[in-house]
Enquirer: 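Handing you this structure, nothing more for now.
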Amino acid sequence: MSTPNNAFLDEINAALEWWDAAGVDFDFTDDATAWFHSGASDGGGQTNSHADTKHANAQDGPKNHATGNAKKETSPAVTRQNLLGDTPPNTLDEFHQFWLEAPGLDAIGPRGRVPPRGPANTELMVLVIDPEQGDTTHLLSGPQGQLLQKMLKAMRIDEERVYIASAMPRHTPMADTENLAAGGLDDVLRHHIALAAPKRLVAFGAGLVPLLGTDVSNAETSLRENNQAVALPPILMSKGLESL
């Protein structure tokens, strides 16, 4: 018969006591689950513990924080705007100037925006949601750009012959792309893609789906056939470079 490792048991109990003292005594998923039961059982096997009371309160109380039945807050209606204006840019060079100067593309204004890079009519266009933090005049100048360089090198694709762009003009963490698309930024992105005219498009980031204006998750839907005014090239969707 093996001897219990009392030192190991003491470490486990100490860790559990630490979390209990910190007030973290429940694992909240779809239903509250008590981690600790400190009361003695009565004849019917029921515990009269403080943990049971907290468990019941967690189940019976408001569910907007602790459970999976959270009440989702609805965003106020977004007013759609014609961000391209009455005279949209007709060439990629004109779009680059528009991208850096048009006042309505973000809440901050033109200062500090990051331009796309690369030639038009390429075999491949790479699209990300927003520039990296720290980008100034060169899009994807940090770790994400380094990863992209290695990916292109592994695929034997010259980076100088790839058009690299972002759907937003500046670094915007946790961007609400659904609201941005509803506000008209999807038209700007689709116009941008049309002027760049790539043969294929790789889109890094699930948040790009509403901005692209088509359900790329539906395998039965051709990305070339939709009811939008601007048709898209074949698209490969991927996780964001920051996730990869």
Side-chain angles (χ1 to χ4, degrees), residues 89 91-102 105-106 108 110-178 180-181 185-219 222-224 230-244:
T91 67
L92 196 57
D93 288 339
E94 289 180 4
F95 184 88
H96 287 180
Q97 183 177 359
F98 163 84
W99 188 247
L100 296 176
E101 297 177 359
L105 295 181
D106 60 43
I108 297 176
R111 184 175 61 87
R113 291 179 181 172
V114 184
R117 55 187 172 94
N121 302 301
T122 58
E123 290 287 333
L124 179 66
M125 175 177 176
V126 170
L127 178 66
V128 295
I129 294 177
D130 61 333
E132 285 191 77
Q133 185 175 9
D135 284 354
T136 53
T137 59
H138 188 84
L139 181 61
L140 300 184
S141 60
Q144 296 179 38
Q146 294 172 13
L147 173 60
L148 179 61
Q149 287 177 358
K150 294 177 181 179
M151 293 171 66
L152 294 174
K153 185 176 181 181
M155 292 185 285
R156 298 181 180 179
I157 298 175
D158 184 0
E159 184 181 358
E160 298 299 320
R161 305 184 70 164
V162 176
Y163 188 74
I164 302 174
S166 60
M168 303 183 64
R170 68 177 73 253
H171 179 61
T172 311
M174 305 297 291
D176 186 348
T177 54
E178 289 191 7
L180 291 170
L185 194 62
D186 55 347
D187 286 344
V188 176
L189 177 57
R190 295 176 68 89
H191 190 71
H192 188 179
I193 295 171
L195 293 176
K199 292 184 179 179
R200 296 174 181 82
L201 172 63
V202 176
F204 288 100
L208 287 168
V209 172
L211 288 167
L212 288 168
T214 185
D215 184 7
V216 296
S217 64
N218 185 353
S222 170
L223 295 175
R224 294 185 181 186
V230 180
L232 297 175
I235 301 175
L236 173 65
M237 293 295 302
S238 172
K239 291 182 178 179
L241 287 169
E242 72 281 2
S243 299
L244 297 176

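Predicted, not measured: the structure shown is a model, and the values here were computed from it.
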Enquirer: I'd like to know if the side chain of E132 reaches the main chain of Q144, judged simply by a donor and an acceptor atom lying under 3.5 Å from each other, with no hydrogens or angles considered.
Expert: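 Yes.
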Enquirer: The test is side-chain contact (heavy atoms from CB on, under 4.5 Å); show your working for L212 and M237 and say whether it passes.
Expert: CA-CA 11 Å; L212 288 168; M237 293 295 302; 4.1 Å; yes
Enquirer: Taking the side chain as C-beta and beyond, is there a heavy-atom pair between L148 and I164 under 4.5 Å?
Expert: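 A side-chain contact under 4.5 Å exists here.
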Enquirer: Which pair of non-hydrogen atoms, one from D186 and one from A181, has the smallest distance, and what is that distance?
Expert: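 Minimum heavy-atom contact is OD1-O, 3.0 Å.
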Enquirer: Identify the residue among L147, L124, V202 that makes a side chain to side chain contact (heavy atoms under 4.5 Å, CB included) with L152.
Expert: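 Testing each of L147, L124, V202 against L152, the sole residue satisfying side chain to side chain contact (heavy atoms under 4.5 Å, CB included) is L124.
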Enquirer: Just to verify, what does S141 make a side-chain hydrogen bond (donor to acceptor under 3.5 Å, both in side chains) with, not counting sequence neighbours?
Expert: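 With sequence neighbours excluded, S141 shows a side-chain hydrogen bond (donor to acceptor under 3.5 Å, both in side chains) to D135, given in chain and number order.
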Enquirer: Checking side chain to side chain contact (heavy atoms under 4.5 Å, CB included) between L208 and each of V128, I129, T177, which is the one that passes?
Expert: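 Result for side chain to side chain contact (heavy atoms under 4.5 Å, CB included) with L208: I129.
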Enquirer: What are the two closest heavy atoms between L244 and S238, and how far apart are they?
Expert: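 Closest approach of L244 to S238: CD1-OG, 3.7 Å.
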Enquirer: Going by heavy atoms in the side chains, are L232 and I193 under 4.5 Å from each other?
Expert: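 Touching, per the 4.5 Å side-chain cut-off.
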Enquirer: Indicate the atoms forming the closest heavy-atom contact of P89 with L195, along with that distance.
Expert: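 Closest pair (atom of P89, atom of L195, distance): O-CD1, 3.6 Å.
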Enquirer: Charged N to carboxylate O under 4.0 angstrom, E123 versus R200?
Expert: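 Answer for the salt bridge query: yes.
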Enquirer: Do H192 and L92 make a side-chain contact, defined as non-hydrogen atoms from C-beta onward lying under 4.5 Å apart?
Expert: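 They are in contact (side-chain heavy atoms under 4.5 Å apart), so the answer is yes.
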Enquirer: As an exercise, state the distance from CE of M151 to CG of L241, rounded to the nearest 0.5 Å.
Expert: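 CG of L241 is found 6.5 Å from CE of M151.
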Enquirer: Counting C-beta onward and ignoring hydrogens, is there a side-chain heavy-atom pair between V126 and F204 closer than 4.5 Å?
Expert: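 SC-SC contact between V126 and F204 confirmed.
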Enquirer: Check whether any side-chain heavy atom of L211 lies under 4.5 Å from a side-chain heavy atom of E178, and answer yes or no.
Expert: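 No, too far: nothing below the 4.5 Å cut-off.
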Enquirer: Is there a donor-acceptor pair closer than 3.5 Å between any side-chain N or O of W99 and the backbone N or O of R113?
Expert: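 No; judged by distance alone, with no hydrogens or angles, the pair does not exist.
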Enquirer: Please find out if less than 6.0 Å separates the ring center of F98 from that of H191.
Expert: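 No, the ring centres sit 6.0 Å or more apart.
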Enquirer: Please tell me if the side chains of T137 and V114 come closer than 4.5 Å, counting only heavy atoms from C-beta onward.
Expert: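 No, every pair of side-chain atoms sits at 4.5 Å or beyond.
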Enquirer: Does Q97 have more than 12 heavy atoms from other residues, nucleotides or ligands lying within 6.0 Å of its CD?
Expert: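 12 or below, so no.
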Enquirer: What I'd like to find out is whether the side chain of H96 reaches to under 4.5 Å of the side chain of P116, using heavy atoms alone.
Expert: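 The answer is yes; the side chains approach within 4.5 Å.
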Enquirer: Which pairs, with at least one residue in residues 166-175 and sequence neighbours excluded, count as a side chain to side chain donor-acceptor pair (under 3.5 Å)?
Expert: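 Counting only pairs at least two positions apart or across chains, the side chain to side chain donor-acceptor pair (under 3.5 Å) contacts touching residues 166-175 are D106-R170, D130-H171.
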Enquirer: Please identify each residue that fulfils side-chain hydrogen bond (donor to acceptor under 3.5 Å, both in side chains) with E159, with sequence neighbours left out.
Expert: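 If we apply the side-chain hydrogen bond (donor to acceptor under 3.5 Å, both in side chains) test to E159, skipping adjacent residues, the hits are R117.
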Enquirer: What distance separates L201 CG from I235 CD1, expressed to the nearest 0.5 Å?
Expert: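 Atom-to-atom, L201:CG and I235:CD1 are 5.0 Å apart.
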Enquirer: Taking all heavy atoms of P210 and all of A206, pick out the closest pair and write down the distance.
Expert: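 Where P210 meets A206 most closely, the heavy atoms are CD-O, 4.2 Å.
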Enquirer: Please find the pair of heavy atoms, one from A167 and one from L127, that lie closest to each other, and give the distance.
Expert: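 Residues A167 and L127, closest heavy atoms: N-CD1, 3.8 Å.
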